[in-house]
Amino acid sequence: MKALLCKQYGSPESLVLDEVPTPSISNKQVLISIKACGVNFPDTLIIQGKYQFKPAFPFSPGGELAGIVKAVGEEVSHLKIGDSVFAMPGWGGFAEEIAVDANRVFRMPAGMDYTVAASLMYTYGTSYHALKNRAQLQAGETLLVLGAAGGVGLAAVNLGKIMGAKVIAAASSDEKLALCKAYGADECINYQTQDLREALKNLPQSSGVDVVYDPVGGAFTESALRSLNWKGRHLVVGFAAGQIPSIALNLALLKGCSIMGVFWGAFVEKEPKANFQNIQELFDFYQRGILKPHIQKTYALSEASQALYDLSERRAMGKLVILP
């Protein structure tokens, strides 16, 4: 089978498309023929050795995928050969086949295609955990989403509206903000041409911000934090800007606000029942037609390096997907 391999840490251009043996499975694993694999920001970090997990070389990036079960380990009872599934292995998805621990594999709901199934969990799973479990976002509150046209950002815009919040989308271009508007954003701020703090103050009927969803970091974090209302919540999701900000903690003291870390991968491991409940609710939103992943572009496996490059250069709006 073919796989895109990381043989040493580097840029997307350093990855090698190679022929490798079909993986064998243990008693607690399944073998999946991959039909689609989502491209996510952690994929750009893991190939540089900058992510929380560091697989042994050689490995393939690709942490969320969808496909068909080809073989089942002896101790696996909830899956069978021929099942359409999605899986969250963490890495290994930029390939034609993969062996995955069965507890990371779930049946796809009826009517969902493989491209959507491979686009849902990292972005919507992260954003729903952030807004529901961490911030406990309430209907009528105001949510500010930074990097709002990216994968997790657009999911947060979509989910914020589903949860009844007023959503302010902040992004780096008018084109990106137009997409956010189509996903229900009530107000939009272009932080390349506007000062974020001043723009928030000058919004019509502005009453401050209750929750900040921040996958960007860098210089925007402090401006967003300063805009929080009393008892506001600032969600630390990631650092797409490349800089981890340093925050003066007197800001948290003066505002009575909370700075909350969001690590969805750890949540999946430590609170599997709560995560499974979230997945079921996301599926319900999808089947009701109110949750709509935006898939900007698909790539062949031979083009996967370009997909990673496009994501790292922040060209993506919504999701990019590899179709092996």
Peer 1: Measure the shortest side-chain to side-chain distance between R226 and R197 over non-hydrogen atoms and say whether it is less than 4.5 angstrom.
Peer 2: yes

Peer 1: Measure from the side-chain N and O atoms of T123 to the backbone N and O of S119, and report whether any donor-acceptor pair falls under 3.5 Å.
Peer 2: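 Yes.
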
Peer 1: To the nearest 0.5 Å, how far apart are CE in M121 and CG in L282?
Peer 2: 5.0 Å

Peer 1: Got a salt bridge between R104 and E64, using NZ or NE/NH1/NH2 to carboxylate O under 4.0 Å?
Peer 2: no

Peer 1: May I ask you to decide if V116's main-chain N or O and D113's side chain share a donor-acceptor pair within less than 3.5 Å?
Peer 2: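 Yes.
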
Peer 1: What's the verdict on side-chain contact (heavy atoms from CB on, under 4.5 Å) for F106 and Q280, showing C-alpha distance, side-chain angles and the deciding distance?
Peer 2: CA-CA 11 Å; F106 305 85; Q280 297 305 307; over 6 Å; no

Peer 1: Assess the side chains of Y191 and S172: does a donor N or O sit below 3.5 Å from an acceptor N or O?
Peer 2: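 Side-chain D/A pair, Y191 to S172: absent.
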
Peer 1: Just wondering, do D214 and H234 contact through their side chains at under 4.5 Å, heavy atoms?
Peer 2: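 Side-chain contact under 4.5 Å: yes.
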
Peer 1: Quick one: CZ on F94 to CG on L5, what's the gap to the nearest 0.5 Å?
Peer 2: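 Spacing of CZ (F94) from CG (L5) equals 12.0 Å.
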
Peer 1: Looking at K319, is its backbone amide N or carbonyl O close enough to the side chain of Q296 to form a donor-acceptor pair, meaning the two atoms are under 3.5 Å apart?
Peer 2: no

Peer 1: Same cluster for Y309 and L45 if Ile/Leu/Val/Met/Phe/Trp/Tyr side chains link at under 4.5 Å?
Peer 2: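 The answer is no; the residues belong to distinct hydrophobic clusters.
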
Peer 1: Report the C-alpha separation of Q277 and E281 in whole Å, then their side-chain angles, then the decisive distance to 0.1 Å, and conclude whether the side-chain hydrogen bond (donor to acceptor under 3.5 Å, both in side chains) test is met.
Peer 2: CA-CA 6 Å; Q277 178 64 36; E281 290 172 11; 2.8 Å; yes

Peer 1: Carefully, step by step, assess V20 and M1 under the rule side-chain contact (heavy atoms from CB on, under 4.5 Å).
Peer 2: CA-CA 6 Å; V20 298; M1 69 165 200; 3.5 Å; yes

Peer 1: Pairing donors with acceptors under 3.5 angstrom, does anything connect the side chains of E175 and S173?
Peer 2: no

Peer 1: State yes or no: do V152 and Y51 share one hydrophobic cluster built from I, L, V, M, F, W and Y residues joined by side-chain heavy-atom distances below 4.5 Å, directly or via other members?
Peer 2: no

Peer 1: OH/Y114 to OG/S33 distance, rounded to the nearest 0.5 angstrom?
Peer 2: 8.5 Å

Peer 1: Compare every heavy atom of D43 with every heavy atom of G62, then report the nearest pair and how far apart it is.
Peer 2: N-OD1, 3.1 Å

Peer 1: Verify the neighbour count for atom NZ of K54: are there more than 12 heavy atoms of other residues, nucleotides or ligands below 6.0 Å?
Peer 2: yes

Peer 1: Does any part of the side chain of K35, heavy atoms only, come nearer than 4.5 Å to the side chain of I68, both counted from C-beta?
Peer 2: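 Yes, their side chains come closer than 4.5 Å.
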
Peer 1: Side chains of Q306 and D310: is there a donor and an acceptor less than 3.5 Å apart?
Peer 2: yes

Peer 1: Under 4.0 Å between a side-chain nitrogen and a carboxylate oxygen: does that hold for K297 and E303?
Peer 2: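 A salt bridge is absent here (no side-chain N lies under 4.0 Å from a carboxylate O).
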
Peer 1: What do the steps show when you test K181 against E187 for salt bridge (Lys or Arg N to Asp or Glu O under 4.0 Å), and what is the final call?
Peer 2: CA-CA 8 Å; K181 199 75 173 176; E187 303 288 350; 5.4 Å; no

Peer 1: Testing the basics here: between T221 and P245, what is the closest heavy-atom pair and its distance to 0.1 Å?
Peer 2: OG1-CG, 3.5 Å

Peer 1: Would the number of heavy atoms belonging to other residues, nucleotides or ligands and lying under 6.0 Å from NZ of K28 be above 12?
Peer 2: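 No, NZ of K28 has 12 or fewer neighbouring heavy atoms, counting only those of other groups under 6.0 Å.
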
Peer 1: Applying side-chain contact (heavy atoms from CB on, under 4.5 Å) to L225 and C257, what does each step give before you reach the verdict?
Peer 2: CA-CA 9 Å; L225 184 63; C257 69; 3.9 Å; yes

Peer 1: Answer yes if the side chains of H129 and N275 hold a donor-acceptor pair under 3.5 Å, and no otherwise.
Peer 2: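 Their side chains do not contain a donor-acceptor pair, so the 3.5 Å distance test is not met.
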
Peer 1: Once you round to the nearest 0.5 Å, how far does CG of L131 lie from CD of Q136?
Peer 2: 11.5 Å

Peer 1: Please name the residue in the list E97, E96, E19 that meets the salt bridge (Lys or Arg N to Asp or Glu O under 4.0 Å) test with K2.
Peer 2: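 Among E97, E96, E19, the one that satisfies the salt bridge (Lys or Arg N to Asp or Glu O under 4.0 Å) with K2 is E19.
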
Peer 1: So do E141 and K166 actually touch side chain to side chain, heavy atoms under 4.5 Å?
Peer 2: no

Peer 1: Taking the side chain as everything from C-beta on, heavy atoms only, tell me whether L144 gets closer than 4.5 Å to S227.
Peer 2: no

Peer 1: Going hydrophobic residue to hydrophobic residue with side-chain gaps under 4.5 angstrom, can you get from V262 over to L120?
Peer 2: yes

Peer 1: Check the surroundings of atom CD in E13: do more than 12 heavy atoms from other residues, nucleotides or ligands lie under 6.0 Å from it?
Peer 2: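 Counting other residues, nucleotides and ligands, CD of E13 exceeds 12 neighbours.
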
Peer 1: Ring centres of F86 and F283 under 6.0 Å apart?
Peer 2: yes

Peer 1: Kindly determine whether F41 and Y122 satisfy ring pair (Phe, Tyr, Trp, His ring centres under 6.0 Å), including the steps that lead there.
Peer 2: CA-CA 10 Å; F41 190 65; Y122 265 45; over 10 Å; no

Peer 1: For N158, which of Y124, Y183, Y128 qualifies under side chain to side chain donor-acceptor pair (under 3.5 Å)?
Peer 2: Y124

Peer 1: What's the separation between atom CG in L15 and atom CD1 in I47, rounded to the nearest 0.5 Å?
Peer 2: 4.5 Å

Peer 1: A quick test of your reading: do over 12 heavy atoms of other residues, nucleotides or ligands sit less than 6.0 Å from CD of Q48?
Peer 2: yes

Peer 1: What's the spacing between D174 CG and C188 SG if we round to 0.5 Å?
Peer 2: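 D174 atom CG to C188 atom SG measures 9.0 Å (nearest 0.5 Å).
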
Peer 1: Counting only N and O atoms by type, is there a donor-acceptor contact under 3.5 Å from the side chain of N202 to the main-chain atoms of A199?
Peer 2: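 No; zero donor-acceptor contacts below 3.5 Å.
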
Peer 1: Give the minimum heavy-atom separation between G160 and L143, together with the two atoms involved.
Peer 2: CA-CD2, 3.9 Å

Peer 1: Is a side-chain donor or acceptor of S305 paired with a backbone partner of P12 at a separation under 3.5 angstrom?
Peer 2: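 Present.
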
Peer 1: Between F53 and W91, how do the two ring planes meet: parallel, tilted or perpendicular, split at 30° and 60°?
Peer 2: tilted

Peer 1: Applying side-chain contact (heavy atoms from CB on, under 4.5 Å) between Y299 and each of L320, L308, L323, report the one that passes.
Peer 2: L320

Peer 1: Would you check if I32 and V105 make a side-chain contact, meaning some heavy-atom pair closer than 4.5 Å?
Peer 2: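 Of all side-chain heavy-atom pairs linking V105 with I32, at least one is under 4.5 Å.
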
Peer 1: Compare every heavy atom of S207 with every heavy atom of T142, then report the nearest pair and how far apart it is.
Peer 2: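 In this case the closest contact between T142 and S207 is OG1-OG, 4.3 Å.
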
Peer 1: Considering only NZ, NE, NH1 and NH2 on the basic side and carboxylate oxygens on the acidic side, decide whether D186 and K161 come within less than 4.0 Å.
Peer 2: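 Here D186 pairs with K161 in a salt bridge, since their nearest N and O are under 4.0 Å apart.
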
Peer 1: Side chains of F285 and I162: closer than 4.5 Å at any heavy-atom pair?
Peer 2: yes

Peer 1: Determine whether V72 and L31 fall in the same hydrophobic cluster, where Ile, Leu, Val, Met, Phe, Trp and Tyr are linked whenever their side-chain heavy atoms lie under 4.5 Å apart.
Peer 2: no

Peer 1: Considering all heavy atoms of both residues, which atom of H78 and which atom of R107 are nearest to each other, and what is their separation?
Peer 2: O-NH2, 3.0 Å

Peer 1: Please determine if K7 and D18 form a salt bridge, counting it only when a charged side-chain N lies under 4.0 Å from a carboxylate O.
Peer 2: yes

Peer 1: Report yes if the side chains of V16 and L4 come closer than 4.5 Å at any heavy-atom pair, otherwise no.
Peer 2: no

Peer 1: Return yes if some donor-acceptor pair links the side-chain N/O of Q194 with the main-chain N/O of N190 below 3.5 Å, else return no.
Peer 2: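 Yes, the answer is positive, given that a donor and an acceptor are paired below the 3.5 Å cut-off.
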
Peer 1: Around atom CZ of F276, are there more than 12 heavy atoms of other residues, nucleotides or ligands at under 6.0 Å?
Peer 2: no

Peer 1: If you compare all heavy atoms of P215 against all heavy atoms of V237, which two are closest, and at what distance to 0.1 Å?
Peer 2: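 Distance-wise, the nearest heavy atoms are CA-CB, 3.9 Å.
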
Peer 1: In terms of hydrophobic clustering (I, L, V, M, F, W, Y; side-chain heavy atoms under 4.5 Å; direct or indirect links), are V145 and L200 co-clustered?
Peer 2: no

Peer 1: Could you walk me through whether K70 and I81 satisfy the side-chain contact (heavy atoms from CB on, under 4.5 Å) test, starting with their C-alpha distance in whole Å, then the side-chain angles of each, then the deciding distance to 0.1 Å, before giving a yes or no?
Peer 2: CA-CA 5 Å; K70 287 189 67 177; I81 294 173; 5.9 Å; no

